[in-house]
Colleague: 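This is the structure I have questions about; it appears just below.
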Amino acid sequence: MTDAVAPRVRFAPSPTGYFHVGSARAALFNWFFVRRWGGTLVLRIEDTDEARNRPEWTEGIISALAWLGMAPDEGPHFQSAQDEAHRAAIEALWEAGALYACACIREEIDARVKTRAAAGDPTPGYDGHCRDLGLARGEGRALRFRTPDEGSVRVDDLVRGEVDFPLRALEDFICVRGDGKPLFALANAVDDRTMTISHVIRGEDLLPTTPRQVLLWGALNRAEGRDLALPAYAHLPLLVNEQGKKLSKRRDPVAVELYREQGYLPDAFRNYLALLGWSPGDEEILPVSTLVERFRLDDVQKSPAFFDVKKLSHFNGVYIRALSVSEFIDATRPWVDPAPDEWAPGGWRDPDTDEPVVSPVPWAPARYDAARFGEVAAVTQERVTVLSEVPALVDFLFQEEAPIDETSWQKAIAGDEAAPAILAAALAAYAECPWDKDALHSVTLEIAEAAGRKLGKAQAPIRVAVMGRTAGLPLFDSLAVLGRDETRRRIEAALARLPPAA
RNA sequence: GGCCCCAUCGUCUAGAGGCCUAGGACACCACCCUCUCAAGGUGGCGACACGGGUUCGAAUCCCGUUGGGGCUGCCA
């Protein structure tokens, strides 16, 4: 911690793809840190790589942060808008002799590395070929940083402690591209300077680049005749997949948007993310205020963490059940009754199959009845782990016919010789009995006893005939809401579908 | 290959020398509850990578080995 000065931290993603859960975790720890100690979270969009940036990715970052309740205090600032500062820094560095122009191309460098290796010199990377050639700057010539050959750079990391990087293994890295555009190492350092960033909290994958930034920072101080304090660094453990490899956009489900579509609650998602590489202590599911209160960078884990969707889902179920029924109804609306002018699932497609990840609402919008949904909301709420599971549980209420699942039909009706008799008995009994949950329960219990089986077994054919599946909402609550006429009509339809008794 | 990081149940972690016959959570298994499915309850399975030190005493400190990972781009 910088003494008595409120920290300024930045979250600095590059808009080159969907918002990654690893980025979300980095953002969260930055957010925790400033909420805990007071300070400012700056959002900086690192968009210097024009070829890979797209405006919609920036939109995605901003909306995902807002969804997770961790909107920045400042920004977004765009790195591309810092052009002037970058140019000034390049000039200063050039004047100070910290940079030199390099005319080498990749193939030449690789060839020299190969030759060197064959001669028994394992030093990798650029060999300093142009370092003392005194080449002029010019189109196509990159600018390299003159790294010292001796000694080492020490990074004092808030989570990892002191890490030493020997300079002899650090090549003269490129700061400025042949077209004059600054590269990550430079732009990042310059922006941290102009934005007076006090703490850099980011993924461990950036740890190896830190010595370059430390070197650059010192060179900039000398070139500009200033003495800006280096930010404190904190490198967070990586998020990995089942194989222990860094989460990749290509093969792992890493897009935060994907989780939102499936109906993970932002609070649950955020709570789960907090536990990846950090622990609040005895309990895991805690209000965000408690998480903030307990958060300490020193307690952050050093080893990588596996992103476990099963545990996330468990958390989500707990959060869903903790909602009041009306909160649950509100939260579920985009999945059952999407409004055209509001966020709704369905925009996300599987990159491999191009299929929507969340199926469209299975009923005609006009058939949806909010009041009816309200009546089954409480029993639905207890049964889902993600909100996108809701439609399949309540579809029988809003479909014209019972949405019969074939496997269920085979198992509970076609494959059960007592099914026709039970259905017939139910059809008769349901014509007369009072239409409420308790009456339906006792009437059906009588049918079961007459058939000589337990209620659990006897209700199955009725459930499938009316609701379509062997598993689902409690039968009698469901029938009560569906209504006598529709229930009986569906039982009749099921009976009619059965082949005539032999 | 070079540089760097990491190492407690399958997974996320608690543990900052004695409180540890290592605690919790997820997952898994069994039982209970029960109109299905869930939820819930109870119980169970299950780990300090290995080898050396240091110490009266080590999961905790040091060294080594092994294993895993990251970086090594005119991407970030």
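Labels below follow one simple rule: chain letters A, B, ... track the order of the sequence lines, proteins then strands, and each chain is numbered from 1.
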Colleague: Taking the nucleotide of RNA chain B with the nearest heavy atom to each, does A:R141 or A:S279 sit closer to the 5' end?
Modeller: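 That would be A:S279.
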
Colleague: Can A:N30 and A:R25 be said to form a side chain to side chain donor-acceptor pair (under 3.5 Å), step by step?
Modeller: CA-CA 9 Å; A:N30 275 283; A:R25 203 277 307 261; over 6 Å; no

Colleague: Checking all strands, does A:L473 fall into the base, sugar-phosphate, or nothing category for heavy-atom contacts under 4.0 angstrom?
Modeller: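 Result for A:L473 = base.
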
Colleague: If the threshold is 4.0 Å, N to carboxylate O, is there a salt bridge linking A:E204 and A:R160?
Modeller: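 Result for this pair is yes, salt bridge flagged.
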
Colleague: Find the distance A:D164:CG to B:C3:P and express it as a whole number of Å.
Modeller: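 Whole-Å distance recorded here is 13 Å.
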
Colleague: Taking atom CZ of A:R44 and atom CZ of A:F11, what is their separation to the nearest 0.5 Å?
Modeller: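 Here the rounded value is 11.5 Å.
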
Colleague: So which nucleotide from B:U11, B:A25, B:G69 ends up closest to the side chain of A:L238?
Modeller: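 The answer is B:G69, which lies nearest to the side chain.
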
Colleague: Could you tell me how far B:G15 sits from B:G70 if I compare only their C1' atoms? Round to whole Å.
Modeller: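 Taking atom C1' in both B:G70 and B:G15, they lie 27 Å apart.
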
Colleague: Could you tell me how far apart A:D179 (CG) and B:G73 (C1') are, to the nearest whole angstrom?
Modeller: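 Atom CG in A:D179 sits about 14 Å away from atom C1' in B:G73.
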
Colleague: For A:T209, report the nucleic acid contact type (base, sugar-phosphate, nothing); a contact means any heavy atom under 4.0 Å.
Modeller: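 Contact class for A:T209: base.
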
Colleague: Report the nucleotide, chosen from B:A76, B:U36, B:C12, that has the shortest atom-to-atom distance to any side-chain atom of A:L206.
Modeller: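 Looking only at side-chain atoms, A:L206 lies closest to B:A76.
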
Colleague: Taking the minimum atom-to-atom distance to the side chain of A:H314, which one of B:A27, B:G2, B:A76 wins?
Modeller: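 The listed nucleotide nearest to A:H314's side chain is B:A27.
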
Colleague: Distance check, C1' atoms only: B:G46 and B:A25, in whole angstrom units.
Modeller: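 It comes out at 14 Å once rounded to the nearest Å.
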
Colleague: In whole Å, what separates the C1' atom of B:G17 from that of B:G53?
Modeller: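 After rounding to an integer number of Å, I get 15 Å for this pair.
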
Colleague: Could you let me know what B:A58 is paired to, Watson-Crick or G-U wobble, both distances under 3.5 Å, or none if it's on its own?
Modeller: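 Partner of B:A58: none.
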
Colleague: Closest to the A:L475 side chain: B:C4, B:C35, B:A76?
Modeller: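 Nearest nucleotide to the side chain: B:C35.
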
Colleague: Can you label the angle between the A:W278 ring and the A:F32 ring as parallel, tilted or perpendicular, going by 30° and 60°?
Modeller: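 A:W278 and A:F32: tilted rings.
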
Colleague: Applying the Watson-Crick and G-U wobble criteria at under 3.5 Å, what pairs with B:U34? Answer none if nothing qualifies.
Modeller: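 Base-paired to nothing in any strand shown.
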
Colleague: What's A:G317 touching, base or sugar-phosphate or nothing? Going by heavy atoms closer than 4.0 Å.
Modeller: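 If one applies the 4.0 Å heavy-atom cut-off, A:G317 turns out to touch nothing in the nucleic acid.
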
Colleague: Is B:A39 paired to anything, Watson-Crick or G-U wobble with both distances less than 3.5 Å, and if yes, which nucleotide?
Modeller: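 B:A39 is unpaired by these criteria.
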
Colleague: Is A:E284 paired with A:K311 through a side-chain N to carboxylate O contact shorter than 4.0 Å?
Modeller: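 Salt bridge: yes.
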
Colleague: What distance, rounded to whole Å, do you find between the two C1' atoms, one in B:U34 and one in B:A39?
Modeller: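 The answer is 11 Å between these two C1' atoms.
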
Colleague: In the strands shown, is B:C26 matched to any nucleotide by a Watson-Crick or G-U wobble pair with both distances under 3.5 Å, and which?
Modeller: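 When the pairing criteria are applied, B:G10 turns out to be the nucleotide that pairs with B:C26.
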
Colleague: From the set B:C4, B:U36, B:C71, return the single nucleotide nearest to any side-chain atom of A:P208.
Modeller: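 For A:P208, the side-chain atoms sit closest to B:C71.
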
Colleague: Please give the distance between the P atoms of B:C9 and B:G24 as a whole number of Å.
Modeller: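 Rounded to whole Å, the distance is 16 Å.
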
Colleague: Could you please name the partner base of B:A49, counting Watson-Crick and G-U wobble pairs only when both distances are under 3.5 Å?
Modeller: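 Because both required distances fall under 3.5 Å, B:A49 counts as paired with B:U65.
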
Colleague: So what does A:P237 touch, heavy atoms closer than 4.0 Å: a base, only the sugar-phosphate, or nothing?
Modeller: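 The answer is nothing, as A:P237 stays clear of every strand by at least 4.0 Å.
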
Colleague: Angle between ring planes, A:F295 versus A:F29, binned at 30° and 60°: parallel, tilted or perpendicular?
Modeller: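 Aromatic pair A:F295/A:F29 classed perpendicular.
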
Colleague: So what does A:P304 hit on the nucleic acid, given a heavy-atom distance under 4.0 Å: a base, only sugar-phosphate, or nothing?
Modeller: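 A:P304: backbone/sugar contact only, no base atoms under 4.0 Å.
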
Colleague: Over all strands shown, is A:D477 touching base, sugar-phosphate only, or nothing at heavy-atom distances under 4.0 angstrom?
Modeller: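 Base contact.
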
Colleague: On the nucleotide B:C75, are OP1 or OP2 found under 4.0 Å from the side-chain N or O atoms that A:R177 carries?
Modeller: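 Result: yes.
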
Colleague: Under 6.0 Å between ring centres, would you say that holds for A:F398 and A:F373?
Modeller: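 They do not qualify: ring centres at least 6.0 Å apart.
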
Colleague: Using a heavy-atom cut-off of 4.0 Å across all strands, would you classify A:R469 as base, sugar-phosphate, or nothing?
Modeller: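 Contact class for A:R469: none.
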
Colleague: On a whole-Å scale, what distance lies between the C1' atoms belonging to B:A58 and B:C48?
Modeller: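 Comparing C1' positions in B:A58 and B:C48 gives a spacing of 11 Å.
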
Colleague: Describe the nucleic acid contact of A:R160 in one word from base, sugar-phosphate, nothing, applying a heavy-atom distance below 4.0 Å.
Modeller: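 Contact class for A:R160: sugar-phosphate only.
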
Colleague: Taking A:R212 first and then A:D172, would you say they form a salt bridge - that is, a charged N and a carboxylate O separated by under 4.0 Å?
Modeller: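 A salt bridge is absent here (no side-chain N lies under 4.0 Å from a carboxylate O).
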
Colleague: So which nucleotide from B:A76, B:A38, B:C35 ends up closest to the side chain of A:F476?
Modeller: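 Of all the options, the side chain of A:F476 is nearest to B:C35.
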
Colleague: Any N or O donor-acceptor pair under 3.5 Å from the base of B:G24 to the side chain of A:E283?
Modeller: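 Not at all, since no donor on one side and acceptor on the other fall under 3.5 Å apart.
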
Colleague: Using heavy-atom distances to pick each residue's nearest nucleotide on RNA chain B, tell me which of A:W278 and A:R52 is more 5'.
Modeller: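 Its nearest nucleotide lies further toward 5', so the answer is A:W278.
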
Colleague: Mind checking who B:G1 pairs with, Watson-Crick or G-U wobble, both distances under 3.5 Å?
Modeller: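 The answer is B:U72, by the H-bond criterion.
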
Colleague: Measure CG/A:L236 against P/B:U13 and give the value in whole Å, please.
Modeller: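 In whole Å, B:U13 P lies 11 Å from A:L236 CG.
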
Colleague: Does A:G178 reach a base, just sugar-phosphate, or nothing at all? Heavy atoms under 4.0 Å.
Modeller: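 Counting heavy atoms under 4.0 Å across all strands, the contact made by A:G178 includes a base.
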
Colleague: Nearest to the side chain of A:F165 - B:C4, B:A25, B:U13?
Modeller: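 Nearest to the side chain of A:F165 among the choices is B:C4.
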
Colleague: Looking only at the side chain of A:Q301 (C-beta and beyond, no hydrogens), which of the listed nucleotides B:A76, B:C3, B:U13 gets closest?
Modeller: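 So the nucleotide nearest the side chain must be B:U13.
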
Colleague: Between B:A27, B:G69, B:U13, spot the one nearest the side chain of A:A305, thanks.
Modeller: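 Ranking B:A27, B:G69, B:U13 by closest atom to the A:A305 side chain puts B:U13 first.
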
Colleague: Determine the contact category for A:E284: base if any of its heavy atoms lies under 4.0 Å from a base atom, sugar-phosphate if only primed atoms, P, OP1 or OP2 are that close, otherwise nothing.
Modeller: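 Counting heavy atoms under 4.0 Å across all strands, the contact made by A:E284 includes a base.
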
Colleague: Is A:T48 close enough to B:A76 that one of its side-chain N or O atoms is under 4.0 Å from OP1 or OP2 there?
Modeller: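 The answer is yes; a side-chain N or O of A:T48 sits under 4.0 Å from OP1 or OP2.
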
Colleague: Side chain of A:K311 only, heavy atoms from C-beta on: which candidate in B:C12, B:C6, B:C35 is closest?
Modeller: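 In terms of side-chain proximity for A:K311, the closest of B:C12, B:C6, B:C35 is B:C12.
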
Colleague: Just call it for A:R106: base, sugar-phosphate, or nothing, with non-hydrogen atoms closer than 4.0 Å on any strand.
Modeller: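 Sugar-phosphate: the residue A:R106, judged by heavy atoms under 4.0 Å, touches backbone atoms but no base.
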
Colleague: Rounded to whole Å, please give me the gap between OH in A:Y319 and C1' in B:C26.
Modeller: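 It works out to 15 Å between those atoms.
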
Colleague: Please work out if A:G125 contacts a base, only the sugar-phosphate, or nothing of the nucleic acid, heavy-atom cut-off 4.0 Å.
Modeller: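 Counting heavy atoms under 4.0 Å across all strands, no contact is made by A:G125.
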
Colleague: Would you mind classifying the nucleic acid contact of A:A169 as base, sugar-phosphate or nothing, using non-hydrogen atoms under 4.0 angstrom?
Modeller: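 The answer is sugar-phosphate, as A:A169 gets under 4.0 Å only of primed atoms, P, OP1 or OP2.
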
Colleague: Between A:F306 (CZ) and B:A47 (P), how many Å, whole number?
Modeller: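 So the CZ-P distance, A:F306 to B:A47, works out to 20 Å.
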
Colleague: Quick one: do A:R137 and A:E91 make a salt bridge, cutoff under 4.0 Å?
Modeller: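 Salt bridge: yes.
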
Colleague: With heavy atoms under 4.0 Å as the rule, sort A:C104 into base, sugar-phosphate or nothing.
Modeller: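 Counting heavy atoms under 4.0 Å across all strands, the contact made by A:C104 includes a base.
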
